Amino acid sequence: MAKLLDQWHAEHVVFARLLDLFDTQIAAFHDGERPNYELMTDIVDYLRRYGDSFHHPREDAAFGRLVARDPDMRLPVNRLLQEHRVIARASDELLERLGEIADDVMTTRSDVEMAAATYLVYYRHHLATEERRVMPRARDLLSEEDWAAAQAATPEAPDPLTDADFSDHYRELRQYLAQHAKR
Ligand SMILES: [Fe+2]
Ligand SMILES: [Fe+2]
């Protein structure tokens, strides 16, 4: 059942790639160019919906059990669980700023850049901590029963980025990823 770890790692690779892509758009924005706002919104919205609804709740369940197996993991795990909430809040804030730009509502450049920087810093640090510090311990210590509980924390859900049934979702993002698949 440690296959969940493999799935998480694969998802982290995708998440990191999306954060890098978002970063290139923010860099364009910073330089006064017009970034692809639809693509930026797709990225944050995808991570908000898929990440927060399916990826994070299973981690919450698995990491909670890890603390029971190794009390030394309490501090790093508590931070990760808190970061799941902070990332969700930062995503909402960022989506709001991007929505203001789309609606031509007055929003300052620095507000957008600040929301983006907070989001990127938190998310990247979060992924790195999980990969380096927590997932290896989970692989060593969690039992089949622990993994089954983590799996059961959310229902099975297709990934809207890869599932054909979602062809109308995240059109801009899917198109971009398809065009840049070989990079
Ligand atoms: Fe996480
Ligand atoms: Fe994760």
Side-chain angles (χ1 to χ4, degrees), residues 1-26 39-96 98 115-163 166 169-170 173-174 177:
M1 187 63 88
K3 74 179 170 83
L4 259 189
L5 280 173
D6 297 333
Q7 184 187 334
W8 289 344
H9 175 68
E11 289 176 347
H12 288 168
V13 170
V14 174
F15 292 178
R17 188 171 172 215
L18 295 180
L19 295 176
D20 286 349
L21 181 54
F22 186 86
D23 211 354
T24 61
Q25 298 298 313
I26 275 292
L39 180 62
M40 293 167 84
T41 304
D42 272 4
I43 291 169
V44 182
D45 189 72
Y46 166 75
L47 289 171
R48 177 75 174 96
R49 287 172 196 268
Y50 185 75
D52 292 351
S53 302
F54 299 100
H55 183 102
H56 292 165
R58 288 179 172 178
E59 287 181 338
D60 288 346
F63 297 165
R65 283 177 173 246
L66 183 57
V67 172
R69 307 261 177 228
D70 177 3
D72 285 348
M73 296 306 290
R74 180 176 299 280
L75 202 59
V77 162
N78 280 354
R79 278 198 199 124
L80 289 179
L81 302 192
Q82 197 175 20
E83 282 167 11
H84 285 165
R85 295 192 289 273
V86 172
I87 286 169
R89 180 73 66 87
S91 310
D92 289 342
E93 167 81 18
L94 189 49
L95 284 170
E96 210 168 301
L98 292 171
T118 304
Y119 178 75
L120 287 171
V121 165
Y122 258 101
Y123 223 133
R124 284 177 169 149
H125 180 263
H126 182 81
L127 296 178
T129 306
E130 286 181 347
E131 288 282 338
R132 286 191 207 131
R133 185 150 187 208
V134 177
M135 285 163 60
R137 292 298 284 160
R139 189 180 292 279
D140 288 345
L141 296 180
L142 293 190
S143 67
E144 286 298 313
E145 190 206 337
D146 294 330
W147 287 117
Q151 183 89 36
T154 65
E156 284 300 327
D159 185 337
L161 271 195
T162 52
D163 194 282
F166 284 88
H169 286 59
Y170 308 116
L173 179 54
R174 290 169 68 120
L177 292 176

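Start at 1 and go down the list; that is how both ligands and their atoms are numbered. Owing to the predicted nature of the structure, the values given are computational and were not obtained by experimental measurement.
More than 12 heavy-atom neighbours from other residues, nucleotides or ligands sit within 6.0 angstrom of CZ on R124.
Taking backbone and side-chain atoms together, H55 has no N/O/S atom less than 2.8 Å away from the Fe ion (ligand 1). Among the atoms of H12, an N, O or S atom is found under 2.8 Å from the Fe ion (ligand 2). Among the atoms of H56, no N, O or S atom falls under 2.8 Å of the Fe ion (ligand 1). For residue E83, no N/O/S atom approaches the Fe ion (ligand 1) to within less than 2.8 Å.
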How far apart are the C-alpha atoms of D52 and R89, what are their side-chain angles, what is the distance that settles it, and do they pass the salt bridge (charged side-chain N to carboxylate O under 4.0 Å, His left out) test? CA-CA 11 Å; D52 292 351; R89 180 73 66 87; over 6 Å; no
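Residues R48 and E93 are not paired through a salt bridge, judged by the lack of any N-O separation under 4.0 Å between the basic side chain and the carboxylate. Ion pair D72/R137 not flagged as a salt bridge, since none of the NZ, NE, NH1 or NH2 atoms sits closer than 4.0 Å to an Asp/Glu carboxylate oxygen.
Distance check, rounded to the nearest 0.5 Å: NE2 of H84 to NE2 of H55 gives 6.0 Å.
Of all N, O or S atoms in E130, the one lying closest to the Fe ion (ligand 1) is OE2. In E59, the N, O or S atom that comes nearest to the Fe ion (ligand 1) is OE1.
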